[in-house]
Amino acid sequence: MTAETYGPAVVRDTRPEDMAEVLRVRTAGWRAAYRGIVPPAYLGAMDAGPEALTRALRHFRERPRDRHHLVAVRGGRVVAFAVCGAARPALPLPAEDERPGELYALYAHPEAWSTGVGALLLGEARRRLTADGYPSMVLWVLEENARARAFYERHGLRATGSRTLLRLGGARLPELQYRASLGAAVAAPPAALRAVTAQVPC
């Protein structure tokens, strides 16, 4: 897939009616990105059906007010999503005197990989966290997920040395923390600019 073939993407806030598409993207993205990393039984059991949608809608409606849910829409369909907000206190932080923002999730449908939608969402998440006053942004990525690590490194994030273990499907999967400093608060670009898909891989 190329951005030229499928048109530009627009980043906006997630709406309740987007959640079925978000679940579709999450399921397809996990199964493609984590094949050979996450146990196959866990990936195979991922559900985007009615019960999963009901749970997702409940969590979306009950989300903290300072949490940002974003989608990238192309051709009328959600092709990627991201979620960011305050860093989870249960996980290691970069410094004792620093309370960063966190990118909790960023996933694109495999058909939208390498079309720039990830870069658009990452940029918007950074703008939201900067506007919220966070001095930096952290995220956690599976150590074996070389594609994602390369993407974040291209966009200026660096591993901090902090590690944790994610338990999925009976497996213990090492995760690495990445961090980037955030600058002074910046205004979001105009809609016309946000609608132009960056020509960088993601």
- Item | Cationic N near anionic O, under 4.0 Å, D18 to R24 | no
- Find the distance between CG (L103) and CG (L139) and round it off to the nearest 0.5 Å. 5.5 Å
- Check: Y104 side chain, A86 main-chain N or O, donor-acceptor pair, under 3.5 Å: yes
- Message: Please determine whether side chain to side chain contact (heavy atoms under 4.5 Å, CB included) holds for the pair H68 and V83, giving the CA-CA distance in whole Å, both sets of side-chain angles, and the decisive distance to 0.1 Å.
- Response: CA-CA 6 Å; H68 303 283; V83 185; over 6 Å; no
- For side chain to side chain contact (heavy atoms under 4.5 Å, CB included), just list the numbers for L106 and Y152, CA-CA rounded to whole Å, side-chain angles, deciding distance to a tenth of an Å, and then say yes or no. CA-CA 11 Å; L106 195 167; Y152 291 125; 3.8 Å; yes
- Item | Main-chain N/O of R88 paired to E102 side chain as donor or acceptor, under 3.5 Å | yes
- Query: Can you tell me how far OG1 of T27 sits from CE of M46, rounded to the nearest 0.5 angstrom?
  - Reply: 4.5 Å
- Query: Run the side chain to side chain contact (heavy atoms under 4.5 Å, CB included) check on L23 and V25 step by step: do they pass?
  - Reply: CA-CA 5 Å; L23 281 178; V25 169; over 6 Å; no
- Verify whether the ring centers belonging to H69 and F60 lie closer than 6.0 Å. yes
- Hey, does the side chain of R158 reach the backbone of E153 with a donor-acceptor pair shorter than 3.5 angstrom? yes
- Message: Does this structure show an ion pair linking E175 with R163, if we count only N-O contacts that are shorter than 4.0 Å?
- Response: no
- Message: Measuring from atom OG1 of T54 to atom NE2 of H59, what distance do you get when rounded to the nearest 0.5 angstrom?
- Response: 11.0 Å
- Message: Check this for me: does any side-chain nitrogen of one of D132 and R127 sit under 4.0 Å from a carboxylate oxygen of the other?
- Response: no
- Query: Just checking, is any N or O donor in the side chain of T115 or R74 under 3.5 Å from an acceptor N or O on the other one?
  - Reply: yes
- Around R77, counting heavy atoms of other residues, nucleotides and ligands shown, do more than 12 lie under 6.0 Å from its CZ? no
- Please report the C-alpha distance between F81 and T14 in whole Å, then the side-chain angles of each, then the deciding distance to 0.1 Å, and finally whether the side chain to side chain contact (heavy atoms under 4.5 Å, CB included) criterion is met. CA-CA 8 Å; F81 72 94; T14 304; 5.5 Å; no
- Message: If hydrophobic clusters are built by linking Ile, Leu, Val, Met, Phe, Trp and Tyr wherever their side-chain heavy atoms come under 4.5 Å apart, do W140 and Y34 end up in the same one?
- Response: no
- Message: Determine whether a donor-acceptor pair (N or O, by modelled atom type, separation under 3.5 Å) exists between the side chain of N145 and the backbone of L142.
- Response: no
- Distance-minimising heavy-atom pair for L129 and G85: CD2-O, 3.6 Å
- Task: Mark yes or no for whether R31, through its side chain, and L43, through its backbone, hold a donor-acceptor pair below 3.5 Å.
- Result: yes
- Regarding R126 and the six-membered ring of Y134, is the cationic atom NZ or CZ under 6.0 Å from the ring centre and inside 45° of its axis? no
- Taking everything shown except R58 itself, do over 12 heavy atoms lie less than 6.0 Å from its CZ? yes
